Each structure stands twice: as C-alpha cells, then as structure tokens.
Protein chains: 2
Amino acid sequence: MRPQKVNDADLMAGLMSVFRTKGYEGTSLNDLAVATGLQKASLYHRFPGGKKEIAEAVLVYARGWIENNVRQVLEDSNEMPAIRLARALDNIRELYGNGKETCILRALSMDQGLSLFGDGVQQNMEEWISGFYRLGIDLGLEHEDAREKAEDTLIMVQGSLVVGKGVGNDSVFDRAIRHLSRLYLT
Amino acid sequence: MRPQKVNDADLMAGLMSVFRTKGYEGTSLNDLAVATGLQKASLYHRFPGGKKEIAEAVLVYARGWIENNVRQVLEDSNEMPAIRLARALDNIRELYGNGKETCILRALSMDQGLSLFGDGVQQNMEEWISGFYRLGIDLGLEHEDAREKAEDTLIMVQGSLVVGKGVGNDSVFDRAIRHLSRLYLT
DNA sequence: GTCTATAACAGGATAGAC
DNA sequence: GTCTATCCTGTTATAGAC
C-alpha cells in the first residue's frame, strides 16, 4: 500500500474547514479534494460513504474538540471556576477565529443537514452545554438556573456569530464573549 | 398575455419559505417551482436573473416585513414602549413559527450567500436593530447601551433558533423571547 | 404569462491502473 | 493509498409553442 499522503488530523481539519464555511449542500467533493490535497477517489477510499460519511466524521471530530477544549476544561476540579471559564472562553475564541469563522454545527443544521446529522449536532451541543452546566453547579447555581445559563452561552455564541457576520462587525463576537464572563462572575 | 397564475405576495411567501428551510445552495429551481405552483421557465420569466435574483427579491420582501412588523411597531410613538415591545415580539414569534421555522437571514448568509447577498442581509439586520435601538432610546437608555441591547435582541433570536433546532427543543426560543421582554422592562 | 422540451453543465460516485 | 478517466443523475438555464 502507498503511504498516506495526509494524516488523519490534518485531513479532518481541512474537511471541517470547508464544511463550516460552505455548508453541507454548498461544499462539493471537488472543494474537499482541493482543500485536503487528495483526489475525489482518494476521499472515497477513506470514506466509502462519500460526502455524508465525511460530514458525519467531521461532527465526531468536532465533538472531540468540544470535549477536550470546552467540557473537560470547565469540569477540571483542580482549578478555580474563574480560571476554568477563562480558559474555555479562550479556546472558544480561538475555535471561531475571534468571530471570523462560522460554526460547523450551524453549517450542518440547515435543511438536509438537520435530517441527516441532527443527532450529531445535538450531541455536540449537549457536550457544550453540559460543560457550562457543571461550571454553574460548582459556582452554587440551582439546577434549572445552571441549565439555562449553560444554554445561554451557546445561544450567545451562535447568535453573535450569525449577527457579527451579517452586519460585518467582528466586535459583536468579542462583546458576546466578554458578556459570558460577566454572566458567571458576578 | 396570459393572466398571472400566482400573485406577487403569494409568490414571494412561497419562495421565501423554501429558501429559509433549505438554504441557498440547498434549494433547486425545481423546489421553487413545486412550492409556488409555477414551472421553472415561468420563474425565469418573472426573475430573468434566475436563482440569484429570486434570493435577492426574497431579501427585499423580508426587509419589508421587518420594516412593517418590527421597526415601525417599535417606533410607533403613539403607543407606550411596553406595548410596542409586546407587539413586536408577538410578530417575531409568529414569523418564526414559535421557533419551528428558521431565519432567512441565517439561511442566506452561508458561504456564497454572504458574498452574493451580504448587503441585503446586512440591511435586514440593521432594519431590525434600528427598531429596537429606538425603543431603548425612548426608554431612556444612553446611545451605546441602546445600541448593544438592540443588537442583543437579534443575537438572542438568531442564537435561540440555531440552538433550539439543534437540541430539538422548542422551549429554547420561547425562553429567549421572554428574556427579551425582561431585558427592556426592568 | 405559462408551458413542454431540451441544451449545457456540475456534482456525486465508481472502475481500474499503479 | 492515490491517481486518471468515466458514468450518471440532477441542476441551471434557454428555446419556442400556446
């Protein structure tokens, strides 16, 4: 067998990058091939299920990222809550390129996306929410309160990404992230 | 000339309905033809520019809706601010089918969408924001405060639509709308 | 103004050589 | 494992009758 031209990590990063900017219907296999440096047929070798399987794999990859960089950071009981929050928000800021990038969950939850990948999207969102929920609990919030605040973090991030892009103003995302700090630390 | 089979208002409503559920790349001219009851060639007769021109027309239609049902309601100086807010939020709730529908602005701001329709999306969002800005000013807020609160209304609505769909829970949107009442009336 | 029919092209997917 | 070449379907768009 020939050697792998692109390793799995780079491959997934490249694939995710395309899907999140162009959406599911908007990305062609050609786009994916160009972005990764592989030919279409090579992508089919790695993902026999084609475009659908690739998008599913991207969602698994994204979920791993959220687990490592958001949930585990927020649940790390060795650190003070304020530190955990600051670190998680830094990671989130980086994930979205300070608001310049869009979210893969939003990109894959249009139309077909929702019916095809609804489960994966939901799992990703719940991973995110459960991390912030735990932070809220550790800060002494009641169950319902912690749940709603956690949900609000995702709402603010998704909303600010949509609006920031729409009005063409990066500061919308920045302000949302700063708002999330205050949401917990007061 | 033959009579119009579908009037402009019904036509635009049907076209918008497809675009906002399937996204720009996700909707085919066939989808639009089926939804409106016209044939593809008839759509080209009304919109010589094809799919792109149709999406642009939908954005103009959406902007008119926002102007009538959000901005003008919020700026109606004959009513108390609390009444204006309640009415605008009711209209917004209806527009999004209590959270079951998605937003045309989000649907048309993926990828191609942003480069093709960025201006239209921005105008729609600014129409929305300017309405709430005026409400904030009338309630005695300072310029910067009113601007941010107005932006937040759009962020919360867009975010709650994304998250509500993603986690499959209608109450997310409901709670966001209730939150917007409290945001101004305290 | 709307229709049927069709052209021209792009996209997803597969075959088979290396 | 990756590549080139190809198939086939669906898509945008146009031509021309009514």
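The chains referred to below are lettered A, B, ... by the order of the sequence lines, with proteins before strands, and numbering in each begins at 1. Quick caveat, the model's predicted, so the values are computed rather than measured.
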Rounded off to whole Å, could you give me the [atom1]-to-[atom2] distance for the [X] and [N] pair?
X       : N      : atom1 : atom2 : result
A:Glu53 : C:dG12 : CD    : P     : 15 Å
B:Leu29 : C:dT6  : CG    : C1'   : 15 Å
B:Tyr44 : D:dT11 : OH    : P     : 12 Å
A:Gln39 : C:dG12 : CD    : P     : 15 Å
A:Asn7  : D:dT2  : CG    : P     : 11 Å
A:Glu25 : D:dT12 : CD    : P     : 11 Å
A:Leu32 : C:dA10 : CG    : P     : 18 Å
B:His45 : C:dC3  : NE2   : P     : 11 Å

Over 60° means perpendicular and under 30° means parallel, so tell me whether A:Tyr96 and A:Trp128 are parallel, tilted or perpendicular.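 Ring orientation of A:Tyr96 relative to A:Trp128: tilted.
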Which residue in the set A:Leu116, A:Thr27, A:Leu43 passes side-chain contact (heavy atoms from CB on, under 4.5 Å) when paired with A:Lys51?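 Going through A:Leu116, A:Thr27, A:Leu43 one by one, the side-chain contact (heavy atoms from CB on, under 4.5 Å) with A:Lys51 is satisfied by A:Thr27 alone.
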Over all strands shown, is [X] touching base, sugar-phosphate only, or nothing at heavy-atom distances under 4.0 angstrom?
X       : result
B:Ser42 : base
A:Gln4  : sugar-phosphate
B:Thr27 : sugar-phosphate
B:Lys40 : base

Nearest heavy-atom neighbours spanning B:Phe117 and B:Leu59: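 Scanning both residues completely, I find the closest heavy atoms to be CB-CD1, 3.5 Å.
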Heavy-atom closest pair, residues A:Leu89 and A:Ser181: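 Heavy atoms of A:Leu89 and A:Ser181 come nearest at CD1-OG, 3.4 Å.
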Which of the following nucleotides, [options], is nearest to the side chain of [X]?
X       : options                : result
B:Arg2  : D:dC3, D:dT12, D:dC18  : D:dC18
B:Ser28 : D:dT12, C:dG12, D:dT2  : D:dT12
B:Lys51 : D:dA15, C:dT14, D:dT12 : D:dT12

First of A:Lys52 and B:Val6 reached from the 5' end of DNA chain C, by closest nucleotide: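 With A:Lys52 and B:Val6 compared, the 5'-side residue is B:Val6.
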Within this structure, what is the CG-CD distance for the pair A:Asp152 and A:Glu148, rounded to the nearest 0.5 Å?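 Between atom CG of A:Asp152 and atom CD of A:Glu148 there are 7.0 Å.
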